[in-house]
2 protein chains.
Amino acid sequence: MFTLAEENYLKNIYHLEHEFQGEVSTNAIAERMETKPSSVTDMVQKLAEKEMLSYKKYKGTLLTPSGRKKAANVIRKHRLWEVFLVEKLKFQWDEVHDIAEQLEHIQSDKLITRLDKFLDSPDFDPHGDPIPDKHGNVKSTEKRLLSEMEKNGRGVCVGVKETTKEFLQYLDKRKISIGTKLKVLGKEFFDGSMVIQVGNDQFFISKKIAENLYIQTN
Amino acid sequence: MFTLAEENYLKNIYHLEHEFQGEVSTNAIAERMETKPSSVTDMVQKLAEKEMLSYKKYKGTLLTPSGRKKAANVIRKHRLWEVFLVEKLKFQWDEVHDIAEQLEHIQSDKLITRLDKFLDSPDFDPHGDPIPDKHGNVKSTEKRLLSEMEKNGRGVCVGVKETTKEFLQYLDKRKISIGTKLKVLGKEFFDGSMVIQVGNDQFFISKKIAENLYIQTN
DNA sequence: ACTTTTTTTTAGACTTGACTAAAAATTAAA
DNA sequence: TTTAATTTTTAGTCAAGTCTAAAAAAAAGT
């Protein structure tokens, strides 16, 4: 069993490992978690005892396979709850983080299994981040901005970068949401604007819009 | 803001107040919460400081109006989550308590408002206990066992006493769940069995069944 | 009314997870 | 390579919430 604090450390170290592609320093953890390096040292030593991470004094830490699995599971729960909040409770994409931050610590495997099914086993959360599977594996398909796509490119909307009310309302109007498939029909070099196809509708999209939509291409 | 421990104390004291219809003793709290009386004294003094309850040494405690409201809100959340787990995630009625025990501490008024709406503002949880409204008020209509009802009595199923798999499956088969309206068509004095009407179906029910179904009559 | 028993409180200690201040190791600069 | 700056760890403290053991108050028994 893990305490809330331990779970939060594992989760944040997991994210930092990805960011740095390697060992994570004590200071980096402290900065991310808004705590002091001395507190981090304490906790990291405790988690090393529990074999959740490997730690050598002054050399930073790396998650062990079981630590990584545990961390991925917390993130899985976080992202599934985010989907629930947006899809079922109609929260906006930028309102859900703090609540999911609490919900991710609820302990019950059965709950998560059922929540996942209830939500139709989504692959991405409302921010377009992939949801790890129950074994902690992440579909590592890269998401990219719509603005980076070329003519005739196809993909699925997996998230947004900007989360202002106005932008989200625009997307609603255009019937663009998570899972929406789209195709780039044309792209204007001069201003970066595009013409895209969504379902049976074709319409113009400005560069600003295209720079704030994450697309997953297979 | 309240800690998890504080919320649990308030909730349990609330229940004990109802049980005892008055002051709650230190020992009673300790026993219910499976902790030691000395720990209870500490916490009760802390909550008295916060004016959540009135406490006189050796005389037991009573919740203040704000303490009672706070407690009712925790219970509201607990019971709403229970409805969610049963109605939406298809948990059985006896599986949900421990999970709701965790979920009741999630902090977000907006979440509860939306969850309530998502569930169609239920008045009762799957055990037939009333869900306090957002002001902490409880509809104090008594629930009673079906076996206590007389011929021609009408009511709504609000919960179960027994929660074995077999019993719940029986109810499923008979299409009886929370909110199901029913009427007593006949009652046999000899063995306490009944004939009831559920929707368009009429069927026989044994005393054993009738003694495990809670009905709310208006 | 005066013991005895039960209940409740106090005092002191422990654990978790944080902190500050100071020491030690590492890295960067001269 | 020796000093200076940075990073990290250690040592000691603190608050929350629990515990045990002992003291104090209340209730019960004779």
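Every chain is numbered from 1, with letters handed out A, B, ... down the list of sequences.
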Whole angstrom value for the distance that separates [atom2] of [N] from [atom1] of [X]:
| X | N | atom1 | atom2 | value |
| --- | --- | --- | --- | --- |
| B:Lys36 | D:dA16 | NZ | C1' | 20 Å |
| B:Glu7 | D:dA16 | CD | C1' | 15 Å |
| A:Gln45 | C:dA18 | CD | C1' | 15 Å |
| B:Met43 | D:dT18 | CE | C1' | 10 Å |
| B:Leu4 | D:dT18 | CG | C1' | 14 Å |
| A:Lys56 | C:dA25 | NZ | C1' | 16 Å |

Protein-nucleotides 21-26 of chain D N/O pairs closer than 3.5 Å?
unit_1: D:dA25; atom_1: O4'; unit_2: B:Tyr58; atom_2: OH; d: 3.4

Where along residues 23-30 of chain A does a heavy atom fall under 4.0 Å from DNA chain D?
A:Ser25, A:Thr26, A:Asn27
Exercise: identify the closest heavy-atom pair between A:Arg32 and A:Asn12
NE-OD1, 2.6 Å
Minimum heavy-atom distance A:Glu104-A:Glu7, with the two atoms named:
O-OE1, 4.2 Å
Measure from NZ or CZ of [X] to the centre of the six-membered ring of [Y] and say whether it is under 6.0 Å with the direction within 45° of the ring axis.
| X | Y | value |
| --- | --- | --- |
| A:Lys70 | A:Tyr14 | no |
| A:Arg114 | B:Phe91 | yes |
| B:Lys50 | B:Phe2 | yes |

Of the options A:Arg79, A:Lys11, A:Lys77, which is the one that meets A:Glu101 in a salt bridge (charged side-chain N to carboxylate O under 4.0 Å, His left out)?
A:Lys11
Between A:His78 and A:Glu82, do the side chains contain a donor N or O and an acceptor N or O under 3.5 Å apart?
yes
If we ignore angles and hydrogens, is there a donor and acceptor under 3.5 Å between the side chains of A:Asp191 and A:Ser193?
yes
Do any side-chain nitrogens or oxygens of [X] fall under 4.0 Å of OP1 or OP2 in [N]?
| X | N | answer |
| --- | --- | --- |
| B:Tyr9 | D:dT18 | yes |
| A:Tyr55 | D:dT9 | yes |
| B:Ser39 | D:dC19 | yes |

Which nucleotide wins on minimum distance to the side chain of B:Thr41, given the candidates D:dC19, C:dA18, C:dT10?
C:dT10
Relative to the 5' end of DNA chain C, which residue comes earlier, B:Asp42 or A:Glu34, by the nucleotide with the nearest heavy atom?
B:Asp42
Strictly below 4.0 Å, N to O, side chains only: are B:Arg68 and B:Glu17 in salt-bridge contact?
yes
